[in-house]
Number of protein chains: 2
Amino acid sequence: MQTARQIEIVEAALSLINETGIQGLTIKNLSKKIGISEPAIYRHYENKVEILVAVLDSFSNFMGNIKANVEKQSGSLSQIEAMFSAFFKAFYENPSLVAVIFSEELFRNEPRLSDKTSEIINRNIEFLSDVIRKGAQQGDIRTDVPANHLAIMVMGTLRLYVKNWQLTGAGFNLKVEGEKLIRSVIILISK
Amino acid sequence: MQTARQIEIVEAALSLINETGIQGLTIKNLSKKIGISEPAIYRHYENKVEILVAVLDSFSNFMGNIKANVEKQSGSLSQIEAMFSAFFKAFYENPSLVAVIFSEELFRNEPRLSDKTSEIINRNIEFLSDVIRKGAQQGDIRTDVPANHLAIMVMGTLRLYVKNWQLTGAGFNLKVEGEKLIRSVIILISK
DNA sequence: CAAACGTTAGTTAATATTCACTAACTTGCA
DNA sequence: TGCAAGTTAGTGAATATTAACTAACGTTTG
């Protein structure tokens with residue numbers, strides 16, 4: 001279980017990565033953000049890698065929750081729609097999360113971290129492929145292109161759109177504009 | 001103009017980023033890779049940022065060349081097809097380039113670098129939007145979804161696919177498998 | 001034509017700064 | 001009163017960069 005301070009550290013780390021990239025995530029910056037001294041950090045996490053592991057784990061949980069909710073929807077198209085909506089809402093309300101969805105480049109130096117990140121990506125694509133395959137069987141989703149191609153398109157679209165939102169400095173309303181993009185995606189993959 | 005040594009430095013930097021991420025790009029590693037001393041690097045570039053600027057500029061040129069060739073094709077669908085092919089071929093033959101297409105996260109700390117990277121992304125999406133808009137006018141590309149949505153989908157698909165190829169350690173043939181993905185994308189955006 | 005001069009590209013050694021992390025001490029609270 | 005959570009003051013290693021110097025080559029000029 002995580003203590004209140006541990007959660008605080010993970011959230012501060014997330015927001016530091018979001019603001020300044022991985023290079024800005026130093027123990028010094030982290031402690032300054034929280035308002036304690038550097039060594040105090042080590043009372044709560046053994047070392048820096050453990051903090052990053054906790055960051056990735058919290059994102060992994062977040063993804064798990066989204067999927068669980070998505071699966072309650074009936075119909076593949078509704079599920080994909082719900083997944084996009086949940087993503088956009090979460091990123092809109094907590095922009096720091098965006099950093100993690102593009103974290104493959106950030107955590108490359110530590111094998112334990114890079115393994116975790118590529119695992120998250122693969123799990124997402126796998127999940128989407130399954131949803132699409134079922135939708136194809138039920139006649140909702142087109143079958144003239146392979147399910148894994150559609151999954152890469154859907155996931156790639158989501159990622160680039162969120163990335164662009166980040167690059168514009170949250171310059172447009174991700175939730176509102178995102179809804180329009182969802183409709184376009186649905187049109188393209190529907191039968 | 002660039003000297004032979006400058007080109008050598010940029011190529012070494014590119015391949016270091018590709019192998020070990022931005023954290024692995026140190027003057028020490030760079031000089032070791034080339035086989036000269038660390039200070040010798042500074043005979044050719046004023047500082048580290050200038051090296052990264054040169055890396056981004058060389059990618060910008062590479063992109064310009066691709067676009068120039070793509071525009072020789074007649075028909076929007078052929079142009080998009082040619083663009084994908086050119087990308088896949090280039091990345092397949094020079095995997096280090098992949099690092100740059102996902103460089104937004106890497107160069108975030110230096111404003112001059114982050115500006116350059118987001119400019120590259122936007123230029124690509126703009127270019128694609130234009131191609132798609134013309135294709136829509138000529139009746140080749142579907143008009144039931146906005147051109148900029150299609151552009152984000154096409155570009156996002158390309159990016160995630162290349163990313164996955166990188167994450168699998170070039171575990172599949174990007175050129176061969178990529179051709180199949182192109183066909184799927186073309187099917188989806190065609191009228 | 002050859003010596004003086006300047007340039008290019010390298011060297012070793014040292015710089016200040018930042019990094020993650022630790023040892024030892026103090027404080028507040030159940 | 002004992003322990004969890006904080007502090008101050010340090011560590012060694014790595015970072016980008018600079019200083020001072022040199023070998024090799026080209027160019028100008030007496």
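Chain letters run A, B, ... following the sequence lines, proteins first, then strands; residues in each count from 1. All values below come from the heavy atoms of this structure, side chains included, with hydrogens, waters and symmetry mates left out.
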Q: Please give, in whole Å, the distance from D:dT15 P to B:N109 CG?
A: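 Rounded to the whole Å, the gap is 15 Å.
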Q: Just by distance, with hydrogens left out, do B:S114 and B:E110 show a side-chain donor and acceptor under 3.5 Å apart?
A: no
Q: May I ask you to verify if any side-chain N or O of B:R5 is less than 4.0 angstrom from the OP1 or OP2 atom of C:dT8?
A: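 Result: no.
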Q: Please tell me if the side chains of B:M153 and A:V154 come closer than 4.5 Å, counting only heavy atoms from C-beta onward.
A: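 The answer is no; the side chains never approach within 4.5 Å.
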Q: Would you say the side-chain atoms of B:K163 and B:Q166 include a donor-acceptor pair closer than 3.5 Å?
A: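 A donor-acceptor contact under 3.5 Å links the two side chains.
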Q: Between A:R108 and A:T117, do the side chains contain a donor N or O and an acceptor N or O under 3.5 Å apart?
A: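 No, A:R108 and A:T117 have no side-chain donor paired with an acceptor closer than 3.5 Å.
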Q: Which donor-acceptor pairs under 3.5 Å do the side chains of residues 82-99 of chain B make with protein atoms, sequence neighbours left out?
A:
| from | atom 1 | to | atom 2 | distance (Å) |
| --- | --- | --- | --- | --- |
| B:S85 | OG | B:E81 | O | 3.4 |
| B:S85 | OG | B:E179 | OE2 | 3.0 |

Q: When you measure from every atom of DNA chain C, which of residues 22-57 of chain B have a heavy atom less than 4.0 Å away?
A: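 When residues 22-57 of chain B is checked for heavy atoms under 4.0 Å from DNA chain C, the hits, listed by number, are B:I36, B:S37, B:P39, B:A40, B:R43, B:H44.
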